[in-house]
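Contents: one structure, followed by commentary.
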Amino acid sequence: MTVDPTVRAAPGPDDPAAAVRADVVTWFDAHARDLPWRAPDRTPWGVLVSEVMLQQTPVVRVEPAWRAWMARWPGPADLAAAPTADVLRAWDRLGYPRRALWLQECARTVVERHGGVLPEDEEALLALPGVGPYTAAAVRAFAFGRRSVVLDTNVRRVLARVAAGVALPAPTQSAAETRLAAAWVPDDDAGAARWSAAAMELGALVCTARAPRCDACPVAERCRWLAAGRPADVHAHRRRTQAWAGTDRQARGRVMALLREALTPVPHDAVAATWSDAAQLARCLDALVADGLVVRHDAPGDDPDPAVATYGLPR
DNA sequence: AAGCCGGGGTG
DNA sequence: CACCCAGGCTT
């Protein structure tokens, strides 16, 4: 079904949502973290870089990486011209290195299709590699100060508790949830951007997933979940934590860590030493090559035997 | 809608 | 040691 993004919050002085928004924004003004991508000298491109890095990676790990990254490649043209191997090394251990690939592709698209200027239009943003509904909305709000429905894991959790009265949002995002979030976003551009930033910050610092600090919450008196006695998560039985040990993701991570450190192509034997299951490693290497994260150099005489090939990061 | 894709800090 | 983190892409 389609969701009308023009749905507005009900006006009026007795609107409880408006009261919550006002208090959350006031709290944000006093408690917002001093993050570099919020600094006055930030650029729209810098905001986009931060949003991509923050996809599933915590703020504390992103901050130093973002500073180094922006110092090295300040704008999309700089990143577009960089060797991909350097980009993947700079990504370091932020995780999900395909994001680094997408970010460079994004930079090249911005240069080629938008003259090196990040577009404000939501459709144009969504068309960029690695930019999905969240990131497009976040860039519109935080880089350009435009109204958008920013719905990340923090906002989902805040609305689940304050508005819906449940411990945590459902495992998968619903259309009703998007509609609710849209209804909570103020009409005006500046107010909308401020609310989104404030709601995310509240979710990150106070209304946390693990141990919420309701005693420090600016809207504790209006929270449906707290009023209900903080009932347990209804969806707990459906949540499945992703396995790690022995998975392809761990194997891929081993390979990428090895190749990031290598200054010259790595012989297959050295790659094989990082993983005991040879068949699994072979699959992962094929997948990494297909993803564009790894390049396989066949031995002279065009021998396709993977056992005598060498591996490296793409130039 | 569900599965896949890193890595590390934390309760 | 399970859980969580400013998600996106593919099927």
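So that the names make sense, note that chain A is the first sequence line, chain B the second, and so on, each numbered from 1. Values reported hereafter were calculated over all heavy atoms of this structure, with side chains retained and with hydrogens, waters and symmetry mates removed.
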Ring-plane angle category for Trp27(A) and His31(A), please: parallel below 30°, perpendicular beyond 60°, tilted otherwise.
parallel
**Prompt:** In terms of the angle between their ring planes, are His268(A) and Tyr311(A) parallel, tilted or perpendicular, with boundaries placed at 30° and 60°?
**Reply:** tilted
Sorted by number, residues from residues 250-267 of chain A placing a heavy atom under 4.0 Å from DNA chain B are Arg252(A), Gly253(A), Arg260(A)
Q) So does Asp248(A) pair up with Arg283(A), basic N to acidic O under 4.0 Å? A) yes
Applying side-chain hydrogen bond (donor to acceptor under 3.5 Å, both in side chains) to Thr109(A) and not counting sequence neighbours gives none
Residues passing the side-chain hydrogen bond (donor to acceptor under 3.5 Å, both in side chains) test with Asp121(A), sequence neighbours excluded, are none
Gap in Å between the two P atoms, one belonging to dA6(C) and one to dG11(B), rounded:
14 Å
*Take atom P in dG6(B) and the same atom in dT11(C), then report the distance between them in whole Å.*
16 Å
Shared hydrophobic cluster, Leu94(A) / Leu48(A) (ILVMFWY, side-chain heavy atoms < 4.5 Å): yes
Report whether Leu168(A) and Val166(A) are members of the same hydrophobic cluster (ILVMFWY, side-chain heavy atoms less than 4.5 Å apart, transitive linking). no
Among the nucleotides dG7(B), dC5(C), dA6(C), whichever has the atom closest to the side chain of Val59(A) is dA6(C)
Considering only heavy side-chain atoms of Leu168(A), the closest of dC4(C), dG6(B), dC3(C) is dC4(C)
Show each protein N/O and nucleotides 7-11 of chain C N/O combination with a separation under 3.5 Å, one pair to a line.
residue	atom	partner	partner atom	Å
dG7(C)	OP1	Thr153(A)	N	3.4
dG7(C)	OP2	Gln56(A)	N	3.4
dG7(C)	OP2	Gln56(A)	NE2	3.3
dG8(C)	OP1	Gly132(A)	N	3.0
dG8(C)	OP1	Gly132(A)	O	3.4
dG8(C)	OP1	Thr135(A)	N	2.9
dG8(C)	OP1	Thr135(A)	OG1	2.6
dG8(C)	OP2	Tyr134(A)	N	3.2
dC9(C)	OP1	Gly130(A)	N	3.0

For nucleotides 8-11 of chain B, give me every protein contact, N/O to N/O, under 3.5 Å, one pair per line with atom names.
residue	atom	partner	partner atom	Å
dG8(B)	OP1	Arg93(A)	NE	3.2
dG8(B)	OP1	Arg93(A)	NH1	3.3
dG8(B)	O4'	Arg61(A)	NH1	3.3
dG9(B)	N2	Arg210(A)	NH2	3.4
dG11(B)	O4'	Arg210(A)	NH1	3.4

Residue pairs meeting salt bridge (Lys or Arg N to Asp or Glu O under 4.0 Å), one or both in residues 22-40 of chain A, sequence neighbours left out, come to Asp23(A)-Arg222(A), Arg33(A)-Glu201(A), Arg38(A)-Glu201(A)
